[in-house]
Student: 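Here it is, the structure in full.
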Number of protein chains: 2
Amino acid sequence: MTETISDPIDTKQGLVTKQSLLDAAEALIAERGVAGASLRAITTRAGTNLAAANYHFGSKQALARAVIARHLQPINSERLRLLDEAEAASGDAGPSLETLVGIFVGPVVRFGRELPDGGRHFAQICGRAMTQPDPMLRESLLGELAEAIRRFRAAFSRALPELSPEELLWRIQFMVGTMAHTIAGSQMIEAVHGDELDTRDLDSLVDRLVRFLCGGLSAPMEVSQS
Amino acid sequence: MTETISDPIDTKQGLVTKQSLLDAAEALIAERGVAGASLRAITTRAGTNLAAANYHFGSKQALARAVIARHLQPINSERLRLLDEAEAASGDAGPSLETLVGIFVGPVVRFGRELPDGGRHFAQICGRAMTQPDPMLRESLLGELAEAIRRFRAAFSRALPELSPEELLWRIQFMVGTMAHTIAGSQMIEAVHGDELDTRDLDSLVDRLVRFLCGGLSAPMEVSQS
DNA sequence: GCTTGAATCAAACGTTCGTTTGAATTGTAC
DNA sequence: GTACAATTCAAACGAACGTTTGATTCAAGC
């Protein structure tokens with residue numbers, strides 16, 4: 001029902017408490033939102049004292065920020081690493097559109113799978129945080145994402161030379177939105193489509209997402225008469 | 001700073017209060033989220049007594065639901081009406097992909113513009129509500145949207161016969177996500193791209209969105225070697 | 001003008017929240 | 001064992017919340 005502290009190698013005593021708090025906060029924030037996840041519920045689930053949250057993180061907001069930063073930072077590092085790699089391998093022409101989209105979408109899904117809950121909680125929080133009213137949380141997420149967007153914008157610009165800078169920015173925006181909503185909205189997808197869609201098969205989901213996004217990003221400016 | 005009650009034709013006394021509450025709630029919920037918009041802040045902004053919210057709507061949640069339903073119902077009616085019209089005009093082949101996407105995306109943007117604030121508040125609430133933790137609010141929105149999705153699914157199926165039912169459902173899901181995130185995320189877009197993008201030009205935004213979505217929806221299943 | 005029901009109002013209800021406090025406990029180094 | 005700092009703990013704080021209450025005001029109908 002609740003997290004179990006598996007490792008007996010609790011060298012520093014405070015570390016397991018901190019970890020338990022992050023785990024519990026991640027699950028409860030994903031389930032009920034930041035405002036709906038009270039510190040009392042979080043600390044109870046973590047098996048710690050109520051005051052532990054403020055002792056280790058200073059405030060509830062700082063705890064929420066830590067929940068996001070814990071996983072997002074490695075994801076963005078991975079994204080930028082893969083981008084460097086692809087650009088080095090592709091020479092002057094730059095990586096293909098499919099490659100770029102795969103790099104942008106892949107890590108957030110793949111990283112998620114390594115998490116104990118399949119990354120659902122974290123993905124849900126991230127997808128929501130982008131449009132969240134709380135400015136602190138939003139900027140905490142966008143701060144991490146801004147550099148990646150800047151880098152990818154240049155890369156996409158080479159892969160899609162026929163697009164004006166403004167149109168390209170909008171399309172990147174659409175891409176981010178599609179991704180965010182997809183990883184945030186499994187609850188909604190299941191509610192609408194019932195058992196018709198398998199939201200657990202992440203591999204084919206990434207494939208579908210990449211196909212869709214490549215089509216959208218490379219759509220012609222003039223609507224063709226089919 | 002706050003809403004002014006313009007019409008002197010307040011025939012029934014309770015109506016202006018109800019309207020003021022809906023307006024104030026819409027603005028504050030868009031700005032701070034459902035949990036962050038307290039009844040005290042809403043009633044103060046509306047210029048009514050604190051008890052008026054519970055008197056007229058029963059509870060805070062019912063007020064939030066009313067905020068969504070007030071505009072969403074007409075939007076979906078308009079969507080379905082346009083779909084009927086297009087299907088009647090297109091004969092056996094059915095409406096084109098561009099037509100369908102335009103019908104799906106257009107009303108939510110165009111309706112928004114008729115609202116006093118340009119529909120930003122309402123759009124923001126709607127886009128957020130899809131991935132919101134509160135199940136009541138989410139289902140209130142999805143209940144309205146479900147029939148439209150069912151109808152459009154059949155229409156898209158005719159326009160995109162080469163797609164498997166499963167792939168089509170996912171792509172519709174991506175489309176809804178792109179749209180929701182676009183109308184919900186103006187704050188985020190401005191934060192990331194600063195003054196580079198004009199989020200107020202709704203006409204060209206709809207055009208860009210339709211182009212992107214048509215490209216994504218009609219993307220080939222096999223990635224082409226360009 | 002009196003009655004009636006709807007609407008408004010000030011005030012308070014009880015609960016829950018994030019945070020703080022100060023004592024108790026634990027782990028660690030000498 | 002003693003000293004010291006890090007951590008845990010029970011308890012309480014004040015503030016803000018949604019909701020309820022009972023009196024008061026208002027607009028009509030007769």
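Per chain, numbering begins at 1; letters A, B, ... match sequence-line order.
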Student: Starting from P on D:dT8, measure out to CG on A:Asn54 and report it in whole angstrom.
Tutor: 14 Å
Student: According to the salt bridge (Lys or Arg N to Asp or Glu O under 4.0 Å) rule, which pairs have a member within residues 70-81 of chain A, sequence neighbours left out?
Tutor: A:Asp23-A:Arg70, A:Glu26-A:Arg70, A:Glu78-A:Arg81, A:Arg81-A:Glu85
Student: Whole Å only: how far is the CD atom of B:Gln61 from the C1' atom of D:dG18?
Tutor: 12 Å
Student: Please report, rounded to the nearest Å, how far the P atom of C:dG5 is from the OH atom of B:Tyr55.
Tutor: 12 Å
Student: NZ of B:Lys60 versus C1' of D:dA16: gap in Å, rounded?
Tutor: 11 Å
Student: Taking the side chain as everything from C-beta on, heavy atoms only, tell me whether B:Phe212 gets closer than 4.5 Å to B:Thr178.
Tutor: yes
Student: Testing the basics here: between B:Ile42 and B:Leu21, what is the closest heavy-atom pair and its distance to 0.1 Å?
Tutor: CG2-O, 4.0 Å
Student: C:dT8 phosphate, OP1 or OP2: any side-chain N/O from B:His56 under 4.0 angstrom?
Tutor: yes
Student: Within residues 28-37 of chain B, which residues have any heavy atom lying less than 4.0 Å from an atom of DNA chain C?
Tutor: none
Student: Closer than 3.5 angstrom, by distance alone: can the side chain of B:Arg128 be matched with the main-chain N or O of B:Ala30 as a donor-acceptor pair?
Tutor: yes
Student: Do B:Glu167 and B:Arg171 sit within salt-bridge range, that is, some charged N less than 4.0 Å from a carboxylate O?
Tutor: yes
Student: Are the side chain of A:Lys60 and the backbone of A:Val34 linked by a donor-acceptor contact shorter than 3.5 Å?
Tutor: yes
Student: Which atoms of nucleotides 9-12 of chain C (N or O only) lie under 3.5 Å from a protein N or O atom, and what are those distances?
Tutor:
residue: C:dC9; atom: OP2; partner: B:Asn49; partner atom: N; Å: 3.3
residue: C:dA10; atom: OP2; partner: B:Asn49; partner atom: ND2; Å: 3.3
residue: C:dA10; atom: N7; partner: B:Asn49; partner atom: ND2; Å: 3.4

Student: Write down the distance between CZ (B:Phe57) and P (C:dA7), rounded to a whole number of angstrom.
Tutor: 12 Å
Student: Whole angstroms only, please: what is the CG-C1' distance between B:Leu39 and D:dG18?
Tutor: 6 Å
Student: Would you kindly give the NZ-to-P distance between B:Lys18 and C:dA6, to the nearest whole Å?
Tutor: 13 Å
Student: Look at the side chain of B:Ser38 and decide which nucleotide, out of C:dG18, D:dC17, D:dT8, has an atom nearest to it.
Tutor: D:dC17
Student: Starting from C1' on D:dA16, measure out to CD1 on B:Ile42 and report it in whole angstrom.
Tutor: 14 Å
